[in-house]
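Structure, as structure tokens:
Lettering of chains follows the sequences in order, A, B, ..., and the numbering in each one begins at 1. Note that the structure is a prediction, hence the values are computed from the model and not measured.
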Amino acid sequence: MSKTSQDDAPRPRRIEPRTLKGFRDYLPEAMIPREQLIDTARAVYRSYGFSPIDTPALEYLEVLTGKGSEETDRQLYRFVDHGGREVGMRFDLTVPLARFAAQHIGALGTPFKRYHIATVWRGENTQRGRYREFMQCDFDTIGTLSVAADIETGLVIHDLMRAIGIERFTIHVNNRMVLNGLLQKLDLADQATHVLRALDKLAKVGAARVSEELTATAGCSTQQAGEVLRLAELAGDNDQVLQQLGPLVAGNPLGEEGVARLAEILAGVRAAGVDDQRIQLDVSIARGLDYYTGVVFETLLDELPGIGSVCSGGRYDNLAEVYTSQHLPGIGASLGLDRLLAALEELGKIRPVRTPADVLIAYFDKSRLNDYLRLAARLRAAGLGVELYPEPRKLGQQLKYADQRGFRVALVAGPDEFTAGTCQVKNLASGDSSHVSQAGDPPAELVAAIRAAL
RNA sequence: GUGGAUGUAGCUCAGUUGGAUAGAGCACUGGAUUGUGGCUCCAGUUGUCGGGGGUUCGAAUCCCCUCAUCCACCCCA
């Protein structure tokens, strides 16, 4: 028990490592599928000509508070910076887009198509799958009223789902013009917010509860509530629902236009090759009570509808009116990244992997480090992801490491292999292994054997 | 924001009406096995019992506060 001077020195006070409420660390096994999903979204957006943009995480507070309700104001992270400016952290990507468009539309020109994948912050109470820091993956087309942009939004959602590897999904589509037209007709236009809020819960709570809410909160007469709920009774395929919708809005120009536009949208996505099963006219969805004015989309997974919409959006009339006099209509949607990841995990579609590389080269013969480095370099040049184990430990430990991280293939080369000019290719899933020549640059036989095992 | 529940090892959890040294499985490390992972066997490591305060001879256990997580509601994406 010799006391050294070190023991007498004041022990550094340990700070407990912890993450802030509602904020998360992402370990490799969570981050790898997350990055894949983001890469997929980016590729699909780009394939339609949407261009990447970015904006600052922080904005002048007035830019963010100008548009939101008092609800978003309450959730806003805000502070005074060192220069005395009142600033806020963005809580979505739409408000920054509006500011961005108002500021730069002269240079951008219209129509302007952008995607924006970035983190946003809301200081609201946390819940399962809902955090204070989360990512949004938006794409929008602004400056055009064309129905082609509406159709294209549906197509992007469709392609995105399929690119992610989801085959069984349904895009629910509606048009707020139909709802608003009907409300005008029923003389409920000034109660639109309450009516739509109630109607939006139809799938969740059923017609009876919606009817209660309509009379209690929205001040509808029972007759008006009944008329609204006739929407819920519409049944059949898309064409049949369209036909039944006509009489409901007949005589109201807004509603009639809405129905006509829905027909065009459905015809357009069909013409582009979307299976009729995957897009469904659903008159009960309203979404985002304030700014949507036209077509709205929600995407549900057929195998997991309870999780809610994984990709939603719609058309809005005047994106940037609080920032500019220029009229900028737009349409867009956003991929629910966290929700979708949770769904993919629940559906077993995420392979648990902790490495992005497929190949691990065992550091087996201590004196051959340079040979292993050369081999790794040649394989990487051939396009493979290759990790060299950094220490010449027991082979069993290295294989265990490879297995646990999710490598697909281990390469083992010791004195015997180097003498023969070969390399052992071991398939970690099956345990099979074979000896392959490592000659050549690129080492064609070896690359072929590895690719066969992936 | 409202109401409810739960916090014990890296993970999942047990821990009796308050009782002495807080356990199990899995995981991890080493060995059986110095050129081959997953199976088996053996050994070992791992704890501010979420944190603080109180009651008590004695607290993981009871009380208060606090933090975190989960569920429902509200709202929203």
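Between A:Tyr45 and A:Phe139, the gap from one ring centroid to the other is short of 6.0 Å. Two rings, from A:Phe50 and A:Tyr115, have their centers 6.0 Å or more apart.
Using a 4.0 Å heavy-atom distance criterion, A:Arg393 is classed as a sugar-phosphate-only contact. Among the atoms of the strands shown, only primed sugar atoms or phosphate atoms (P, OP1, OP2) are found under 4.0 Å from some heavy atom of A:Gln404. Looking at heavy-atom distances under 4.0 Å, A:Ala429 makes contact with a base. Within the nucleic acid shown, A:Gly431 comes within 4.0 Å of at least one base atom, counting heavy atoms only. Residue-level contact check: A:Tyr401 touches neither bases nor backbone, having no heavy atom under 4.0 Å from any strand. At a threshold of 4.0 angstrom between heavy atoms, the contacts of A:Asp416 include nucleobase atoms, whether or not backbone atoms are also involved. Within the nucleic acid shown, A:Gly22 comes within 4.0 Å of sugar-phosphate atoms alone, with no base atom in reach, counting heavy atoms only. In this structure, A:Gly336 reaches neither bases nor backbone, as no heavy-atom distance under 4.0 Å exists between it and the strands shown.
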Original post:
Does the pair A:Glu29 and A:Arg34 meet the rule for a salt bridge (charged side-chain N to carboxylate O under 4.0 Å, His left out), with working shown?
Top reply: CA-CA 9 Å; A:Glu29 61 207 76; A:Arg34 198 175 171 82; over 6 Å; no
Subject >> Audit row: A:Tyr131, A:Arg24, side-chain contact (heavy atoms from CB on, under 4.5 Å) steps and yes/no >> reply: CA-CA 8 Å; A:Tyr131 304 92; A:Arg24 295 173 290 170; 3.1 Å; yes
Original post:
Please walk me through it: do A:Asp138 and A:Ser334 pass side chain to side chain donor-acceptor pair (under 3.5 Å)?
Top reply: CA-CA 4 Å; A:Asp138 282 24; A:Ser334 184; 2.6 Å; yes
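Side chain A:Arg130 to base B:C76: a donor-acceptor pair is found below 3.5 Å. The base of B:A77 lies outside donor-acceptor range of the side chain of A:Gln75, with no N or O pair under 3.5 Å. Residue A:Lys426 places a side-chain atom within donor-acceptor reach of the base of B:U36, judged by atom type and a 3.5 Å distance cut-off alone.
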Original post:
Using Watson-Crick and G-U wobble pairs whose two distances are both under 3.5 Å, how do you write the pairing of RNA chain B as dot-bracket, with | for links to another strand?
Top reply: (((((((..((((.....[...)))).(((((.......))))).....(((((..]....))))))))))))....
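The phosphate of B:U29 has neither OP1 nor OP2 within less than 4.0 Å of any side-chain N or O from A:Gln397. Between B:U36 and A:Lys394, no contact under 4.0 Å exists linking OP1 or OP2 to a side-chain N or O.
Nucleotide B:G10 holds its P atom 16 Å from the CG atom of A:Asp25, rounded to whole Å. Following rounding to the nearest Å, A:Leu64 (CG) and B:A77 (C1') show an atom-to-atom distance of 16 Å.
Checking A:Phe23 against A:Gln424, the closest nucleotide of RNA chain B that is more toward the 5' end is the one next to A:Gln424. The residue among A:Phe134 and A:His435 whose nearest nucleotide of RNA chain B is located toward the 5' end is A:His435.
Enclosure of atom CD in A:Gln103 by more than 12 non-hydrogen atoms of other residues, nucleotides or ligands within 6.0 angstrom is indicated.
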Would you be so kind as to tabulate the donor-acceptor pairs closer than 3.5 Å made by side chains of residues 408-418 of chain A, with sequence neighbours excluded?
residue, atom, partner, partner atom, Å
A:Glu417, OE1, A:Gly414, N, 2.9

